[in-house]
Amino acid sequence: MRTVTVGVLGSGTVGQDVLNLIQRRKSVFTDLGVQIDIAGVFVRDVNKPRNIPAGTRVTDTCDFLQECHVVIECMGGIDRPLGLLRSYLRSGRPLITANKALLAERWSELRPHAQNGNLYYEASVMAGTPVIGPMSTVLRASTFVQLQAILNGTCNYILGQMESGKDYAQALAEAQALGYAEDPPTLDVGGFDTAHKLAVMARFCADGNFDYSSVQIQGIEHVTPADIAEAHAAGERIKLVASLERDGDRWAAQVAPTRLPNDHPLCTAGDSRNALVYEAEESGTLIFAGGGAGGMVTASAMVGDLLDYLLGFPGHVPLH
C-alpha cells in the first residue's frame, strides 16, 4: 500500500464535498493499493464550521504544499490561487482544478503545465458531465466542425422563469434568493462564466493557443418578456448559447442569447441542465447533457481526475 499525499486549496461547498467523496470512496483507492493522506486544507477562516471528515487538518497557511504529491484547487478566483500555486507547479507536480476562470484567463502561464500532462480539469466545463475527457482523447481523431452549448445554469433558470411570465429583474432576484446566482451576478448573467468554459473547450478542438479575449460576449441582461414572447410565437426559445465554428481562416467563438427551435437538442436535453452539441466529420453529431454545477457533482469529476492521476493517465493536454 503506497501513501499519496494530497493538499486541498479551499473548503467551500465543492472543497468539502471533495474531501467527503475521497473518504466515501476509500475502498476504490484501497483497490488501487493507495492510501490517501490529506496533508492540509487551506482556508481563509479556520474557525468556520465545516462538514469534512474528522481529523482533517484545516489551516490558513500553505506550508503543506511542498509535501504534496498532488493538489486539488477548489478556491475559485484567478490571481490568488495562481500566486499560491506558482512554486508548486514549477516543481512539475500535478494540479486538479475546476477553475475555468483561471484556465481561461491565465492560459499563457498554465499551458506548459497542461502540455506536460500536469493539469487535470474535467470539472471546469459542465462539472460532473464528462466533456473535457472525450475532447482531449477519442474525439481528436475526428475533424472538428462546430459546437453549441448551454453552460450556465443560472442563465438557464432565469430565462426559464421569464418564459413563465416573470420579467428579468424578478427572475434574477429569485435566482439569487435560491443561491443560483452570485451577488453581484455579472459573471453569470453577463456571459463571462460561459465564455470561460468556451475558451477551455476551444483549446481541444480548434486551437491549443485559443485566447479568451477572442470570445465575443453578450449576456442576458437585455432580454425582455417581449423577446421571449416573440420567440415563443415562432416555436422557439431563447437560450444563452456558446458557439464555436470556422469563419474563413479563423475560429469564431461567441456567447449570446440565441433563438433556437423548440425541438433543438439544447432545448430538450438542456432544459434544466447543461448541454453540448458537438459536431465533427467522422464522429458525427454528439450530444452531452447533465448536471453542470453543484458541490458533489463537481467533486465527482475532481475525484475522478485524482483516480486518473493515480492510474497513471496524464492530465488534459491541449492541441499542439
Side-chain angles (χ1 to χ4, degrees), residues 76-79 81-82 97-116 119-127 131-136 139-140 142-156 185-223 238-260 266 270 274-281 285-286 288 292 315-320:
I78 298 175
D79 291 323
L82 185 57
T97 182
N99 195 333
K100 63 274 183 181
L102 175 63
L103 292 162
E105 299 197 32
R106 297 294 181 269
W107 188 236
S108 60
E109 182 170 349
L110 292 174
R111 188 174 191 234
H113 303 294
Q115 286 178 309
N116 290 333
L119 284 187
Y120 296 76
Y121 46 104
E122 179 63 65
S124 65
V125 179
M126 292 178 65
V131 295
I132 297 297
M135 283 186 180
S136 65
L139 290 179
R140 288 199 166 160
S142 289
T143 307
F144 174 71
V145 176
Q146 66 176 352
L147 66 78
Q148 287 183 301
I150 293 173
L151 302 172
N152 186 274
T154 300
C155 291
N156 221 22
T186 310
L187 274 177
D188 291 325
V189 299
F192 302 104
D193 173 76
T194 297
H196 286 147
K197 297 169 183 175
L198 179 59
V200 171
M201 291 193 295
R203 293 161 187 160
F204 295 105
C205 48
D207 178 359
N209 284 315
F210 191 88
D211 196 303
Y212 168 67
S213 65
S214 298
V215 183
Q216 299 297 310
I217 307 169
Q218 179 185 347
I220 66 169
E221 305 100 317
H222 302 298
V223 175
I238 295 178
K239 298 287 188 179
L240 184 69
V241 176
S243 61
L244 179 67
E245 61 185 349
R246 178 70 75 176
D247 180 16
D249 60 355
R250 59 182 287 273
W251 290 100
Q254 176 179 266
V255 172
T258 304
R259 286 172 53 161
L260 299 172
L266 293 184
N274 279 193
L276 165 70
V277 179
Y278 179 99
E279 295 183 35
E281 291 182 9
T285 300
L286 302 173
F288 301 81
H316 303 108
V317 181
L319 290 172
H320 286 69

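Atom CG of Leu110 is separated from atom OG of Ser108 by 8.0 Å, given to the nearest 0.5 angstrom. Separation of atoms CE (Met126) and CE (Met201) is listed at 8.0 Å; rounding is to 0.5 Å.
Between the side chain of Asn156 and the main chain of Asn152, no donor-acceptor pair closer than 3.5 Å is present. The backbone N or O of Val131 lies less than 3.5 Å from a partner atom in the side chain of Glu122, making a donor-acceptor pair. Arg203 contributes a side-chain N or O that, together with a main-chain N or O of Ala104, makes up a donor-acceptor pair within less than 3.5 Å. A donor-acceptor contact shorter than 3.5 Å is absent between the side chain of Glu281 and the backbone of Thr143.
Take Asp188 and apply the salt bridge (charged side-chain N to carboxylate O under 4.0 Å, His left out) test, not counting sequence neighbours, and it matches no residue. Checked against side-chain contact (heavy atoms from CB on, under 4.5 Å), Glu105 has the following partners two or more places apart in sequence or in another chain: Ile78, His196, Tyr212. Contacts of Tyr120 classified as ring-ring contact (aromatic ring centres under 6.0 Å, His included), with partners at least two apart in sequence or in another chain: none. Under the salt bridge (charged side-chain N to carboxylate O under 4.0 Å, His left out) criterion, Glu245 pairs with no residue at all, not counting sequence neighbours. The side-chain contact (heavy atoms from CB on, under 4.5 Å) search around Glu279 returns Val145, Gln146, Val277, Thr285, not counting sequence neighbours. With sequence neighbours excluded, no residue forms a ring-ring contact (aromatic ring centres under 6.0 Å, His included) with Phe210.
The shortest distance between side-chain heavy atoms of Val125 and Leu276 does not fall below 4.5 Å. Proximity of Pro318 to Trp107: side-chain heavy atoms (C-beta onward) are separated by under 4.5 Å at one or more points.
Using a 30° and 60° split on the angle between ring planes, Trp251 and Phe144 fall in the tilted class, from 30° to 60°.
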